[in-house]
Amino acid sequence: MAPGAVAMASVAAATTWRLVLLLLLSIAGLGAADGPRPPNILLLLMDDMGWGDLGVNGEPSRETPNLDRMAAEGTIFPNFYSANPLCSPSRAALLTGRLPIRSGFYTTNGRARNAYTPQEIVGGIPDDELLLPELLKGAGYVSKIVGKWHLGHRPQFHPLKHGFDEWFGSPNCHFGPYDNRARPNIPVYRDWEMVGRYYEEFPIDVKTGEANLTQVYLQEALDFIKRQQAAQHPFFLYWAIDATHAPVYASRPFLGTSQRGRYGDAVREIDDSVGKILGLLQNLRIAENTFVFFTSDNGAALISAPKQGGSNGPFLCGKQTTFEGGVREPAIAWWPGRIPAGQVSHQLGSVMDLFTTGLSLAGLAPPSDRAIDGLDLLPAVLRGRLTDRPIFYYRGDTLMAVTLGQYKAHFWTWTNSWEEFRQGVDFCPGQNVSGVTTHTQEEHTKLPLIFHLGRDPGERYPLSFASTEYLDVLRGITPVVQQHQKALVPGQPQLNVCNQAVMTPKGALPLEHCTDLHACAKPSALATPWTEGGPAFCPQAPAQPCLHCVRPVGTKIRCGVL
C-alpha cells in the first residue's frame, strides 16, 4: 500500500475508534441522567501572568482584591506549574492531561527550541488526542471556550471539532496590527463564523493600551453561565483571555488606575471580571455546585517588563525558560461548601492536573489507552492528601529539568542565544546566575545542577556535587528520569518550522528535512499573497486555503469558513 493510502487508512481508523469511544461515553452519561447533577467546571486561564502578580502571593500594591478573596475562600497552590514555558504547548497539555512531547506540541527544529502556533505554522492539536470537553460530553456537559485557542488555526483544529460546543475568541493571540495584505490581522470567531479581526472590528489601541476585549470576554462568560443554568445543564467554561500578553490592554475605566502601569491596569480589570463571574455564581445559587480554578499558561514575560510584563516574585527568569519563573504559576481552587476556606495545599501540581480533575468531578475515568500525566487534585483540596509525583519540564524535544519533592534537577541550562541577548532579548533581566542562566546550551545530564527549592526558590545556589545531600538526591531522581524516558513515546511534531522564507529562528531545519505532514513549499512555489479579491493559500501547503485568509469582495468582515 502506498504511504499516502496508509496514512489515510490510519486516520480513518483513528476517527472510527474516536467516534465509538465518544458514543460509549455518551451512553454512559445517559445512564446517569437520573443521578445527581455533576458540578459545573470553570477554568480561568490567564496569559503570561506571573506567580508574583497576586496580592495573596505578595505583590506589594495589593491590586487583586477579588482573587485574594477567592484564595481566602478556597485553596491556593504555591507549588503549581505549567507544562511548558510557552503558550501553545501548555494549553495543549491542560486540555489533554499529557506532556506536550506526547501530543506533538513541540518542534525538532534545534535542541531546546520553544515553539507555538503563529500564522505560519500549519500544525495543531492532533485528531487522535482526546480533549477534556470531548470526554465531558459523556457526563452531559455543555462546553464553551472564551478567548485564545492557540492549538492550530486550520479547519481541522477548530475548537468545535475537538469537543467544544461554543467558541468566542481567536485561534491566536492579539498580535499585530499587520498590513492586511501579505499578512492579515488575526481573526475573531463566534463558533464557526468569523466575526471580525483584531485591530479592525475589535480595535486595540497600541499607543494607549485601550481595548474593550476583556469586557467582551466577560459578557460572553456571564451569558453562557446564565443560559446553561436556565437549561439545567452541567457546563464547562474555559475562560482563556489574553489581556496580560503583550501588547497588554485594558478598557477605558481601568486605564491609568494601577500603580503598576498598563500591565497592572490589565490585571485590575481581570480581577474585577473574576469577581463578577464568582458573584454571578453566588447570585444564581450555583456556587456550591461549581468548581472554579484560576491559573496561568506560563510565567510572566520578563522580556516585556516592566511596562508590558508581570512579576514572577522570587523566582528565577521568566517565560520561555524552564527555571521557576518560567513555569511556576499562580493557582487558586474555589468551591464553596466543598473546599474549606483559607487552605494552602503543598501538593506539587500542574496544569495537566486540570484535565484529570475535571474528569473526576464529572465521575469519569481518564482514557486508559494512553499515558496521562495529570493528577486528580480532589484528594488534595478536599481531604488534604498529598501525592508524590515528579514534574518534567521540556523545551522543544529536550528534557530540561525535573522536580521531585523539594528538589529540582537541571539536565540542560539555557536562557536564549548570545545573538538574541546582544539584540536586547533577555528572558532573565537583572538575574544573572553564573553557570545557571547560560546563553549557550549547557549539558548537565551526567551531573545535573540540583537545587533545594524550599531553601533556594530562586535557584541561585546549586548543591555541591561532593555533598552527601547531592548524591542522595541524584540516586532518587536518576531512576525516575530513566523510567520516564524509557516509556516515553513522542508524538508527531506539530510545530516544526519548515519554510524559512516566513520564519527566521536560527537552527530551523532545511526544507528537505521536513516531514510529509508538514511539507512546505519552497519560496518559488508560494501562492499569490492575500489580496482584496479572494483567498490566499497557506505558504506551507499551497493547495490548502488558510482558515482565516478569505475576504469576500465588497465586504468589511471577512468570512473565514471554507
Side-chain angles (χ1 to χ4, degrees), residues 41-49 67 82 86-95 116-118 124-125 131-133 142-153 157-160 162-176 185-199 201-204 211-225 235-251 254 266-267 269-274 276-277 280 292-298 301 310 329-330 351 354 358 547-548 560:
I41 302 169
L42 267 70
L43 299 185
L44 310 176
L45 185 72
M46 302 302 103
D47 200 342
D48 292 4
M49 182 178 280
L67 287 164
S82 66
L86 202 64
C87 307
S88 291
S90 180
R91 291 160 191 265
L94 185 156
L95 290 173
Y116 65 109
T117 54
I125 192 70
L131 276 60
L132 179 57
V142 176
S143 300
K144 178 166 185 167
I145 171 175
V146 175
K148 176 175 166 181
W149 172 237
H150 226 206
L151 301 187
H153 54 76
F157 307 130
H158 193 288
L160 270 60
H162 292 272
F164 284 101
D165 300 292
E166 299 182 20
W167 179 30
F168 183 88
S170 176
N172 211 317
C173 199
H174 57 282
F175 301 123
N185 285 325
I186 305 294
V188 176
Y189 284 85
R190 180 176 297 285
D191 300 331
W192 288 104
E193 181 183 1
M194 178 178 157
V195 293
R197 293 181 183 273
Y198 289 134
Y199 301 96
E201 292 77 21
F202 297 91
I204 303 169
N212 205 40
L213 284 165
T214 298
Q215 292 302 310
V216 174
Y217 293 147
L218 170 62
Q219 291 306 313
E220 288 291 324
L222 299 179
D223 174 69
F224 178 73
I225 292 170
F235 60 83
F236 168 46
L237 174 60
Y238 177 46
W239 199 60
I241 65 172
D242 64 359
T244 45
H245 189 298
V248 299
Y249 60 78
S251 62
F254 292 91
V267 172
E269 184 167 19
I270 288 171
D271 179 78
D272 181 78
S273 298
V274 171
K276 287 183 168 63
I277 291 172
L280 176 63
V292 185
F293 202 97
F294 176 95
T295 190
S296 179
D297 61 349
N298 47 249
E329 312 306 329
V351 295
L354 300 177
L547 174 62
H548 54 266

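Nothing here was measured: the structure is a model prediction, and the numbers come from that model. Along the sequence shown, residues carry numbers from 1.
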- Query: Among all residues two or more places apart in sequence or in another chain, which pass the ring-ring contact (aromatic ring centres under 6.0 Å, His included) test with Phe175?
  - Reply: His245
- Quick one: side-chain contact (heavy atoms from CB on, under 4.5 Å) partners of Val142, sequence neighbours excluded? Asp165, Phe224, Gln228, His233
- With Asp191, which residues qualify under salt bridge (charged side-chain N to carboxylate O under 4.0 Å, His left out), at least two apart? none
- Note on the structure: Between Ser170 and Ile186, the two heavy atoms sitting closest are OG-CG2, 3.0 Å
- Query: Is the Trp167 to His158 ring centre distance short of 6.0 Å?
  - Reply: yes
- Sorted by chain and residue number, the side-chain contact (heavy atoms from CB on, under 4.5 Å) partners of Asn212 (sequence neighbours excluded) come out as Gln215, Val216, Ser251
- Query: Taking the six-membered ring for Trp, is the centroid-to-centroid distance between Tyr116 and His150 below 6.0 Å?
  - Reply: yes
- Report the residues that fulfil salt bridge (charged side-chain N to carboxylate O under 4.0 Å, His left out) with Asp47, sequence neighbours left out, ordered by chain and then residue number. Arg91, Lys148
- Item | Minimum heavy-atom distance between His174 and Asp242, given as atom pair plus value | ND1-OD2, 2.9 Å
- Item | side chain to side chain donor-acceptor pair (under 3.5 Å) against Thr117, all qualifying residues, sequence neighbours excluded | Ser88
- Donor-acceptor pair between His153 and Asn172 side chains, under 3.5 angstrom: no
- Message: Test of understanding: with side-chain contact (heavy atoms from CB on, under 4.5 Å), list the residues that count as partners of Ala243, not counting sequence neighbours.
- Response: Thr214, Tyr249, Ala266, Ile270
- Ion pair check, Glu166 and Arg190, cut-off under 4.0 Å: no
- Note on the structure: Contacts of Ala93 meeting side-chain contact (heavy atoms from CB on, under 4.5 Å) (sequence neighbours excluded), chain-then-number -> Ala83, Pro100, Met352
- Check Ser82 against Asp297 and note the closest heavy-atom contact, atom names and distance. CB-O, 3.1 Å
- Query: For Tyr198, what residues pass the side chain to side chain donor-acceptor pair (under 3.5 Å) criterion, not counting sequence neighbours?
  - Reply: Tyr217
